[in-house]
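One structure is given below, encoded as structure tokens.
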Amino acid sequence: GIQVEQSPPDLILQEGANSTLRCNFSDSVNNLQWFHQNPWGQLINLFYIPSGTKQNGRLSATTVATERYSLLYISSSQTTDSGVYFCGGSQGNLIFGKGTKLSVKP
Amino acid sequence: KAGVTQTPRYLIKTRGQQVTLSCSPISGHRSVSWYQQTPGQGLQFLFEYFSETQRNKGNFPGRFSGRQFSNSRSEMNVSTLELGDSALYLCASSLGGSVLEAFFGQGTRLTVV
């Protein structure tokens, strides 16, 4: 099955800094999503991005399907950005990476 | 438009008991998938139902089962609970077919004692 690798596993930032989270896939996927898990456990949709680039406020994502990776950019980070970020990809059902735990310090 | 609703939110059960969790998908969504999240194993796929039929199944023992009703609501059942079944159980819904974007509920946190 597909393997998903996320990096870095942990990231500590000062408020206002920018960051890039990466997701690598072992095989091609036709569904790729980024999520932010809130403190109560719910996965909040950030991007559905099988290919190309999307932006939503301070967040943007790019997927290069031919090279089997996706990047999530967070600019001008805020303390509310803290939490765990997951990418999931699939040829059917989502397979998740282990996540990146982001801590933004004031 | 209401999101994905999971009930109950929290549950405490004793080893050996069984449990049923419920998931109501977004209106119009026909696919419901279930995931287990534990600190050690991360997010793992349990199974997917589409139009009342199990379409895919993950690598979990037969104690884990599910079903989907005609209104797309889904239930998952875990029989003979073990301590290792303590986890956050997440349900996701999607339109199905060629539309794959998944939306998750708030989860059910199950503790087995």
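Below, chain A is the first sequence line, B the second, and so on; all start at residue 1. Below, all heavy atoms of this structure are taken into account, side chains as well, without hydrogens, waters or symmetry copies.
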Flag yes if more than 12 heavy atoms outside [X] fall under 6.0 Å of its [atom1] atom; otherwise flag no.
X: A:Glu5; atom1: CD; value: no
X: B:Ile12; atom1: CD1; value: no
X: B:Asn59; atom1: CG; value: no
X: B:Arg15; atom1: CZ; value: no

### Message
As an exercise: rank A:Leu43, A:Asn30, A:Leu32 by heavy-atom pairs under 4.5 Å with chain B and give me the winner.
### Response
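Most heavy-atom pairs under 4.5 Å with chain B: A:Leu43.
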Mind checking whether [X] and [Y] sit in one hydrophobic cluster, side chains of I, L, V, M, F, W, Y counted as touching below 4.5 Å?
X: A:Leu11; Y: A:Val4; result: yes
X: B:Leu43; Y: B:Leu46; result: no
X: B:Val4; Y: B:Met76; result: no
X: B:Leu21; Y: B:Phe64; result: yes
X: A:Leu102; Y: A:Phe35; result: no

To the closest 0.5 Å, what do you measure between [atom1] ([X]) and [atom2] ([Y])?
X: B:Glu101; Y: A:Ile49; atom1: CD; atom2: CD1; result: 11.0 Å
X: B:Phe104; Y: A:Gln37; atom1: CZ; atom2: CD; result: 9.5 Å
X: A:Leu94; Y: B:Leu100; atom1: CG; atom2: CG; result: 8.5 Å
X: B:Leu88; Y: A:Trp40; atom1: CG; atom2: CH2; result: 14.0 Å
X: B:Gln41; Y: A:Lys98; atom1: CD; atom2: NZ; result: 6.5 Å

#### Entry: Residue-level interface, residues 31-39 of chain B with chain A, non-hydrogen cut-off under 4.5 Å
B:Ser33, B:Tyr35, B:Gln37
### Query
Between A:Asn45 and chain B, which part of the residue has a heavy atom less than 4.5 Å away: side chain, backbone, both or neither?
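Contact with chain B involves the side chain of A:Asn45 alone.
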### Message
Is B:Phe45 close to chain A through its backbone or its side chain, or both, or neither, when contacts mean heavy atoms under 4.5 Å?
### Response
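The side chain, not the backbone.
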### Task
For the pair B:Gln106 (side chain) and A:Gly41 (backbone), establish whether a donor and an acceptor sit closer than 3.5 Å, ignoring hydrogens and angles.
no
